Amino acid sequence: MAGRDNRDGRDGRESRGLDDPPNSRLFILCQKGTTEQEFRDAFEKFGVIEDIWIIKDKRTNEDRGIVYIKFSKTSEAMQAMEEMNGRALPGTNKGLKVVVANSKRDGSTRDPREDERLVRLFVIIPKHFTEQNLRDEFAKYGDVENVTVLKDRNSGESKGFGYVRYFKPLHAAMAYENCEGSYKPKFAEPQRSRDERDEIEIHGFSSHHSGAGQKRMYEDEIHPPGYLYPDIGFPGPGYHHIGTGPMDILADYPTTSSGSRLIIQAPIGLTQGYLSKLFNLIPGMEYCDLNETTGLAYARYSSPQCAAYARDKLNGFEYPLGSPLHVQMADESMRQEFPMNVDKGFSQFANSLGSYNAPGASPVESLDIRQKVKLQAAMILEKAGINPHNLLNFASGGAVGSVGDGRKERVSYCNIPLPPPQPTVADDGKNLAQRLFIVCQPSGVSERVLKDAFCRFGNLIDVYLLSGRNYGYAKYASKDCAMKAIETLHGQTLAGQKMKVLEAEPPKPHPVHGGLQGDEGPSKKQRLHILPDTGLHLEETKIKDEL
DNA sequence: CGACGGGACGC
DNA sequence: CGACGGGACGC
């Protein structure tokens with residue numbers, strides 16, 4: 001226990017221990033008067049018993065015929081449940097009822113789907129894994145009822161994770177404990193019902209309940225924008241006057257301000273035309289005026305809700321790459337200095353992420369909404385004839401077009417010219433040829449910038465920083481390309497950050513579940529960092545996928 | 001048949 | 001100094 005790094009004051013040791021590992025505690029109804037020793041004798045053969053607790057009435061001390069037994073491992077508890085449920089202890093005539101105990105927080109409510117929680121695993125898989133691969137892999141641990149690999153709806157490409165459903169809880173537990181650590185197995189939460197999903201969608205978007213009409217309209221937001229912008233051939237001035245649809249969607253968006261004006265600090269060099277097109281992606285824009293000398297801009301929207309929405313979606317947006325916009329309500333603008341360089345902008349944006357999410361909305365819910373807006377934005381840009389890549393590279397005249405001639409080009413975020421972007425390659429699990437270790441000093445660079453820079457040498461599989469750290473890795477499918485990346489980028493500056501780019505040492509071997517039951521626990525989730533690049537952005541590949 | 005103690009020094 | 005990420009299902 002002492003080695004666990006994931007204890008914190010709020011959770012306390014008790015609530016964590018009870019569910020750790022998950023589904024390792026049994027709730028048992030039994031004949032009153034059964035002693036702890038009798039339980040121990042009957043259950044110890046299933047594994048290591050960490051705790052036996054016989055419930056007694058607080059006042060009368062009368063035995064209530066309820067006992068909790070905590071095992072050290074999920075599989076031990078599952079085996080005990082399987083074998084002991086319905087069986088009477090020696091010398092008693094009442095069959096036990098043995099089920100997995102609810103967490104203390106969930107209380108005593110019986111969930112009709114509780115079996116669902118015991119037999120289904122959520123797993124991370126290589127992108128090239130088919131459902132058959134997944135099934136074969138997890139059939140090692142027991143009888144698989146079915147598997148699912150999640151795929152992009154448009155491209156059909158695997159999203160890199162899936163579900164495995166077993167017939168029996170014990171088999172799911174064996175897989176949970178013994179599969180390779182890279183699968184990062186978790187017991188899957190039961191699928192939410194339709195009503196529950198609606199609740200969350202609405203709460204993620206607005207601060208209170210809305211009528212059914214608005215709910216439906218919001219759901220439509222994720223579809224091609226034809227519905228919201230019926231004749232959106234070009235999102236020029238006045239497009240917001242089309243109907244009332246877009247405004248209705250934002251009518252309940254939470255605001256803290258009564259103003260409808262935004263103050264924007266844009267990077268020097270951004271033009272009036274591009275900035276206003278960007279802000280016009282949010283419904284309700286009335287004007288967006290930029291002083292191209294200072295980079296200071298003001299925008300007004302038709303309502304405080306629209307303005308707040310624009311602020312939330314565009315604050316921190318890197319436009320161009322590596323240069324986040326800073327967007328605030330105009331009547332709140334005096335409270336804070338604007339960042340005058342990328343470094344400050346980066347950290348201030350990171351600090352502001354707490355307020356990025358609407359109160360009560362989880363980061364995941366907000367991300368969902370951002371993705372929808374991103375999709376919208378990408379589609380509108382496409383229809384407007386704007387090549388998002390030109391925008392991202394800050395090439396106002398579309399001068400990027402030259403492909404394949406190897407000529408270097410000036411990029412907004414980098415101190416030296418770089419080769420033109422090249423396509424990345426899919427991770428097929430076998431094509432890794434060279435890994436690079438990357439350090440960004442002093443703080444970090446968004447993933448968008450990293451991708452844009454590191455893809456330019458060809459055969460890039462992936463590049464990322466570790467969550468909340470200033471170091472990370474790039475993976476190439478070609479050693480030559482990786483070496484070119486080192487040669488070009490090591491010692492250079494990306495978005496104001498000094499880069500070290502080195503050959504990576506071989507990775508540590510993957511940990512495995514089971515055995516000593518290590519610390520793989522759920523604590524990572526609580527460190528969920530939202531990097532600036534998870535905001536609204538326009539990636540070419542995505543755009544193609546979604547069109 | 002049906003739901004939450006005792007222990008304790010790891011900050 | 002700077003060494004190994006994150007991921008949730010249109011029922």
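Residue numbers start from 1 in every chain, and the chains themselves are labelled A, B, ... in the order their sequence lines are given, proteins ahead of strands. Fair warning: this is a prediction, and the values are worked out from it, not measured in the lab.
At a cut-off of 3.5 angstrom, counting only N and O atoms as typed in the model, there is no donor on one side facing an acceptor on the other between the side-chain of R469(A) and the base of dG2(C). Residue R25(A) places a side-chain atom within donor-acceptor reach of the base of dC4(B), judged by atom type and a 3.5 Å distance cut-off alone. A donor N or O paired with an acceptor N or O is not found under 3.5 Å between the base of dC4(B) and the side-chain atoms of R64(A).
Across dA3(C), dA8(C), dA3(B), the shortest atom-to-atom separation from the side chain of Y163(A) is found for dA8(C). Of the candidate nucleotides dG5(C), dG7(C), dG2(C), dG5(C) has the atom nearest to the side chain of E447(A). The side chain of V439(A) approaches dG2(C) more closely than any other nucleotide in the set dG5(B), dG2(C), dG7(C). Looking at the side chain of L502(A), the nearest of the listed nucleotides dG5(C), dA3(B), dG2(C) is dG2(C). Comparing dA3(B), dG5(B), dG10(C) against the side chain of D51(A) picks out dG5(B) as the nearest. Side-chain proximity of A188(A) to the nucleotides dA8(C), dA3(C), dG6(B) is greatest for dA8(C). In this structure, of dG5(C), dC9(C), dG5(B), it is dG5(C) that holds the atom nearest to the side chain of L466(A). You'll find that the side chain of K127(A) is closest to dG7(C), out of dC4(C), dG5(C), dG7(C). Checking dG2(C), dC9(C), dA3(C) against every side-chain atom of K500(A), the shortest atom distance belongs to dG2(C). Side-chain atoms of N470(A) lie closest to dG2(C) of the nucleotides dG7(C), dC4(B), dG2(C).
Closest-nucleotide positions on DNA chain B for F27(A) and I52(A) were compared, and the one nearer the 5' end corresponds to F27(A). If W53(A) and V99(A) are placed on DNA chain B by their nearest nucleotide, the residue sitting closer to the 5' end is V99(A).
Checking the phosphate oxygens (OP1, OP2) of dG5(B), a side-chain nitrogen or oxygen of K58(A) falls inside 4.0 Å. Taking only side-chain nitrogens and oxygens, T148(A) never comes nearer than 4.0 Å to OP1 or OP2 of dC9(C).
A donor-acceptor pair is defined here as one N or O able to donate and one able to accept, closer than 3.5 Å; such a pair exists between the side chain of N85(A) and the backbone of V98(A).
In this structure, CG of N146(A) is placed 16 Å from P of dC9(C), rounded to the nearest angstrom. Rounding to whole angstrom units, CZ of residue R435(A) and P of dG5(C) are separated by 9 Å. For the pair D152(A) CG and dG7(C) P, the interatomic distance rounds to 18 Å; values are reported in whole Å. Computed from coordinates, the E145(A) CD to dC9(C) P distance equals 20 Å when rounded to whole Å. Distance CD1 (I124(A)) to C1' (dA8(C)): 8 Å, rounded to an integer number of Å. We find that CG of L18(A) is positioned 12 Å from C1' of dG6(B), with the value rounded to whole Å. Atoms NZ (K56(A)) and C1' (dG5(B)) sit 11 Å apart, rounded to a whole Å. Here dC4(B) presents its P atom at 17 Å from CG of L26(A), a figure rounded to the nearest Å.
dA3(C) has F437(A) stacked on its base ring, the centres lying under 5.5 angstrom apart and the planes within 30 degrees of parallel. Both stacking criteria are satisfied for F122(A) over the base of dA8(C): a centre-to-centre distance under 5.5 angstrom and an angle between ring planes under 30 degrees. Ring-to-base geometry places Y464(A) in a stacked arrangement with dG5(C) (centre distance under 5.5 Å, plane angle under 30°).
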- May I have the step-by-step check of side-chain contact (heavy atoms from CB on, under 4.5 Å) for T488(A) and F457(A), ending in yes or no? CA-CA 9 Å; T488(A) 307; F457(A) 310 95; 3.3 Å; yes

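The shortest heavy-atom contact between L321(A) and Y413(A) is O-CB, 3.4 Å.
When heavy atoms are screened at a 4.0 angstrom cut-off, I66(A) is found touching the sugar-phosphate backbone but no base atom. Using a 4.0 Å heavy-atom distance criterion, S158(A) is classed as making no nucleic acid contact.
Salt bridge status for R87(A) with E82(A): absent, with no side-chain N to carboxylate O gap under 4.0 Å.
Between Y473(A) and Y464(A), the angle of the ring planes lies from 30° to 60°, which puts this pair in the tilted group. Ring pair H171(A)/Y166(A) is perpendicular by interplanar angle, where above 60° counts as perpendicular and below 30° as parallel.
F71(A) does not carry R25(A) over the face of its six-membered ring by the limits of under 6.0 Å from the centre and within 45° of the normal.
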